[in-house]
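Working notes, structure below.
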Amino acid sequence: MSRVAYVNGQYVRHGDAAVHVEDRGYQFADGVYEVCEVWKGNIVDMPRHLDRLGRSLGELRIDWPMARNALEFVLTEVVRRNRVANGMVYVQVTRGVARRDHFFPSDDVAPSMVVTARSTSPKAAEVQAAKGISVVTYPENRWPRVDIKTVALLPNVLAKQNAKEKGGKEAWYIDVNGNVTEGGSTNAWIVTRDGVLVTRPAENGILRGITRAAVLDLVAREGISFEERAFSLDEALLAREAFVTAASTLVMPVVKIDDTIVGNGHPGSVATRLREAFHTATDLQAVVA
Ligand code: PDD
């Protein structure tokens, strides 16, 4: 079965899907995106993702490409047409197609919208989660508006590629104060020596992760001791546990930071418990849907 993409009003063969050479996303990274997890055919936390999409669009003064419920329909339809049971759906909205000029185009230029979906292997993800991943630190070098989920991901690409070349799966950004901000495409968490779960506040310096928000709900429900505050790399190196969260990884244990083994070098109990709780919660969403 061939893959299908949605491009500006049409469902097309993935191999034929294309945007105009003067799309502002292509020329200026003038666009935003969302990645949602698909679990048992259901798009996980779609309302929260669309709320954040709306916020990103608003911050950049890009119009919604269509009504919100129509967008929900397209996302669901792309998942359905690609027969994705478990995987991801991606939506990108840019300021549209116009002659190359830094200034915003006139109001009659419509935003462009692309949606793709693909399957991933839940089994491979569980194998990875059972082992945990290594992260490699990188100086924070992104613009201050990382709260907007823009497609301008070159710094993230470079940080993650550096991590990969050093045997890691993720980069951890370290700011000028020696604090961990977040991962190249994930939010960062630790469990301190005293058993307190810590993650950085989402006010600035990080993307307000949807998985982060869902995990915070679980933390409250499970009665896990928690502090929302900045944490330093030094504190992370001494931590009992570390993990990252994102729609693409869910709760993924971190067992090594640069050359330092975290805790006993195995996924920690808090991360494992939260990963299980996340699956239970998404199972419930799938049943309700
Ligand atoms: N990345 N921080 C950054 C920089 C991210 O790019 C992401 C998501 C997150 C986690 O957000 P969420 O929980 O909403 O997925 C944090 C997506 C998955 C990506 O770019 O592929």
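Note that the structure is predicted; figures quoted are calculated from it, not measured. Ligands are counted one by one from 1 in listed order, and the atoms in each one are counted from 1 as well.
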Note to self: Check the orientation of Phe243 and Trp189. Use parallel for under 30°, tilted for 30 to 60°, and perpendicular for over 60°.
What the structure shows: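 It falls in the parallel class, under 30°.
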Next item on the list: List the steps, then state whether side chain to side chain contact (heavy atoms under 4.5 Å, CB included) holds for Arg212 with Ile206.
Entry: CA-CA 11 Å; Arg212 177 186 181 280; Ile206 68 166; 3.9 Å; yes
Ligand 1 and [X], any nitrogen or oxygen pair closer than 3.5 angstrom?
X	answer
Ser185	yes
Gly209	no
Glu182	yes
Tyr33	yes
Ile210	yes
Arg52	yes
Thr245	no

For [atom], what is the nearest protein heavy atom, given as residue, atom name and distance?
atom	result
atom 21 (O) of ligand 1	Val35 CG2, 3.7 Å
atom 17 (C) of ligand 1	Lys149 NZ, 3.5 Å
atom 18 (C) of ligand 1	Ser248 OG, 3.4 Å

Notebook entry, point to check: Does the side chain of Val146 come within less than 4.5 Å of Glu182's, by heavy atoms?
Noted result: yes
Checklist line | Side-chain donor or acceptor of Glu241 paired with backbone N/O of Val270 under 3.5 Å | finding: yes
Item checked: Expected output: side-chain Thr211 to main-chain Ala247 donor-acceptor under 3.5 Å -> yes
Would you mind listing which atoms of ligand 1 come within a distance below 4.0 Å of any non-hydrogen atom of [X]?
X	answer
Ala247	12 (P), 13 (O), 15 (O)
Ala246	10 (C), 13 (O), 15 (O)
Asn187	10 (C), 16 (C)

Notebook entry, point to check: So is Gly184 in contact with ligand 1, going by heavy-atom distances below 4.0 Å?
Noted result: yes
Next item on the list: Check step by step if side chain to side chain contact (heavy atoms under 4.5 Å, CB included) holds for Val74 and Met66.
Entry: CA-CA 10 Å; Val74 174; Met66 59 181 65; 3.9 Å; yes
Checklist line | Worked verdict on Asp147 versus Arg55 for side chain to side chain contact (heavy atoms under 4.5 Å, CB included) | finding: CA-CA 10 Å; Asp147 57 302; Arg55 179 177 181 276; 2.9 Å; yes
Notebook entry, point to check: If you measure from each non-hydrogen atom of Val146 to ligand 1, which part falls under 4.0 Å: side chain, backbone, both or neither?
Noted result: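 Neither; no heavy atom under 4.0 Å.
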Check: Just heavy atoms, cut-off under 4.0 Å: does Thr211 contact ligand 1 by side chain, backbone, both, or neither?
Finding: both
Check: Should Val151 and Leu71 be regarded as members of a common hydrophobic cluster, given that ILVMFWY residues are connected when their side-chain heavy atoms come within less than 4.5 Å of each other, either directly or indirectly?
Finding: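 Not linked; separate clusters.
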Next item on the list: Could you tell me whether the side chains of Asn179 and Ser232 share a donor-acceptor contact shorter than 3.5 Å?
Entry: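 Not at all, the side chains of Asn179 and Ser232 share no donor-acceptor pair under 3.5 Å.
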Next item on the list: Verify the distance criterion only: is there a donor paired with an acceptor across the side chains of His279 and Glu126 at less than 3.5 Å?
Entry: yes
